[in-house]
Participant: 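This is the structure I want to talk about, given as structure tokens.
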Amino acid sequence: MRVVISATGKDINDLMDVRFGRCRYFQIHDTETGEFRVLENEGQKSGGGAGIAAAQQIIDEGVDVVITGSLGPNAFDLINKAGIKAYKCNEMRIKEVIDKFKNGELEEINMAGPAHHGM
């Protein structure tokens with residue numbers, strides 16, 4: 001399974017970023033092989049519509065799951081329509097986030113959080 005996590009850095013020991021559209025990086029982890037790669041979030045450069053740009057980038061990567069703090073309405077709609085499951089987590093090391101996901105300890109995001117409108 002390919003899991004994308006909003007991240008503050010490029011290492012598995014860096015912290016998860018609770019922001020989705022404005023996080024600095026996305027770490028894509030393969031839960032079966034343990035391999036991962038890092039993408040710079042294209043949404044962080046947007047003047048507006050960061051969540052939309054970030055969601056489209058993730059959809060294009062063909063991931064199965066997104067783990068972040070929350071998703072704004074536009075990002076939530078795009079990710080939901082693409083059939084990607086979303087889970088929320090508090091800020092902690094990426095390594096711990098993956099363990100919590102594997103252990104079924106994360107809550108699924110079933111509704112959008114507040115819109116941020118260019119923040």
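If you read the sequence from its start, that first residue is 1, and numbering goes on from there.
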Participant: Could you tell me the separation between the CD atom of Glu40 and the SG atom of Cys23, rounded to the nearest 0.5 Å?
Facilitator: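 Glu40 atom CD to Cys23 atom SG measures 10.0 Å (nearest 0.5 Å).
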Participant: Please report the shortest heavy-atom distance between Gly43 and Ala53, naming the atom on each side.
Facilitator: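 Smallest interatomic distance, heavy atoms only, reads CA-CB, 3.8 Å.
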Participant: For residues 25-35, which residue pairs pass the salt bridge (charged side-chain N to carboxylate O under 4.0 Å, His left out) check, not counting sequence neighbours?
Facilitator: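 Applying salt bridge (charged side-chain N to carboxylate O under 4.0 Å, His left out) to every pair that reaches into residues 25-35, excluding sequence neighbours, yields nothing.
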Participant: Please determine whether side chain to side chain contact (heavy atoms under 4.5 Å, CB included) holds for the pair Met1 and Phe101, giving the CA-CA distance in whole Å, both sets of side-chain angles, and the decisive distance to 0.1 Å.
Facilitator: CA-CA 11 Å; Met1 181 171 292; Phe101 173 73; 3.7 Å; yes
Participant: Can you tell me how far the CD atom of Gln27 sits from the OG atom of Ser6, to the nearest 0.5 Å?
Facilitator: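 Atom-to-atom, Gln27:CD and Ser6:OG are 9.5 Å apart.
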Participant: When rounded to the nearest 0.5 angstrom, what distance separates CD1 in Ile98 from OG1 in Thr31?
Facilitator: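 Rounded to the nearest 0.5 Å, the CD1-OG1 separation comes to 9.0 Å.
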Participant: Applying salt bridge (charged side-chain N to carboxylate O under 4.0 Å, His left out), which residue pairs with at least one partner in residues 51-78 are found, sequence neighbours left out?
Facilitator: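 Every pair satisfying salt bridge (charged side-chain N to carboxylate O under 4.0 Å, His left out) with a residue in residues 51-78: Arg2-Glu61, Arg37-Glu61.
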Participant: Is there any side chain to side chain donor-acceptor pair (under 3.5 Å) pair reaching into residues 95-104, and which pairs are they, with sequence neighbours excluded?
Facilitator: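 Sorted result for residues 95-104: Lys100-Glu105.
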Participant: How long is the straight-line distance from CG of Asn41 back to CZ of Arg19, given to the nearest 0.5 Å?
Facilitator: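 Output value for this atom pair is 9.0 Å.
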Participant: Indicate if Leu106 and Leu15 have the same hydrophobic cluster label, given that clusters are the connected sets of ILVMFWY residues with side-chain heavy-atom separations under 4.5 angstrom.
Facilitator: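 No; tracing contacts between hydrophobic side chains, which count when under 4.5 Å, never links both residues.
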Participant: Among the clusters formed by ILVMFWY side chains lying less than 4.5 Å apart, do Ile12 and Ile5 turn up in the same one?
Facilitator: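 Yes, Ile12 and Ile5 fall within the same hydrophobic cluster.
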Participant: Do the non-hydrogen side-chain atoms of Thr8 and Tyr25 ever get within less than 4.5 Å of each other?
Facilitator: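 No; the side chains remain at least 4.5 Å from each other.
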Participant: Of all residues at least two apart in sequence or in a different chain, which pass the salt bridge (charged side-chain N to carboxylate O under 4.0 Å, His left out) check with Asp14?
Facilitator: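 Listed in chain order: nothing, the list is empty.
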Participant: Measuring from Met16:CE to Ile94:CD1, what's the distance to the nearest 0.5 Å?
Facilitator: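 Separation between the atoms: 7.0 Å.
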Participant: If you look at every heavy atom in Ala112 and Pro73, which pair is closest and at what distance?
Facilitator: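 Result for this residue pair: CB-CA, 3.5 Å.
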Participant: In sequence, state the C-alpha distance, the side-chain angles, and the governing distance for Val97 and Met92, and then conclude on side chain to side chain contact (heavy atoms under 4.5 Å, CB included).
Facilitator: CA-CA 7 Å; Val97 173; Met92 62 183 67; 3.5 Å; yes
Participant: Please give the remaining members of the hydrophobic cluster of Ile59, linking ILVMFWY side chains under 4.5 Å, ordered by chain and number.
Facilitator: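 Members alongside Ile59: Val4, Phe20, Phe26, Ile28, Leu39, Ile52, Ile58, Val63, Val66, Leu71, Phe76, Leu78, Ile79, Ile84, Ile109.
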Participant: Using the salt bridge (charged side-chain N to carboxylate O under 4.0 Å, His left out) criterion, which residues pair with Glu108? Sequence neighbours excluded.
Facilitator: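 Expected list: Lys85.
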Participant: What is the distance from atom CG of Asn110 to atom NZ of Lys88, rounded to the nearest 0.5 Å?
Facilitator: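 Going from CG on Asn110 over to NZ on Lys88, the span is 9.0 Å.
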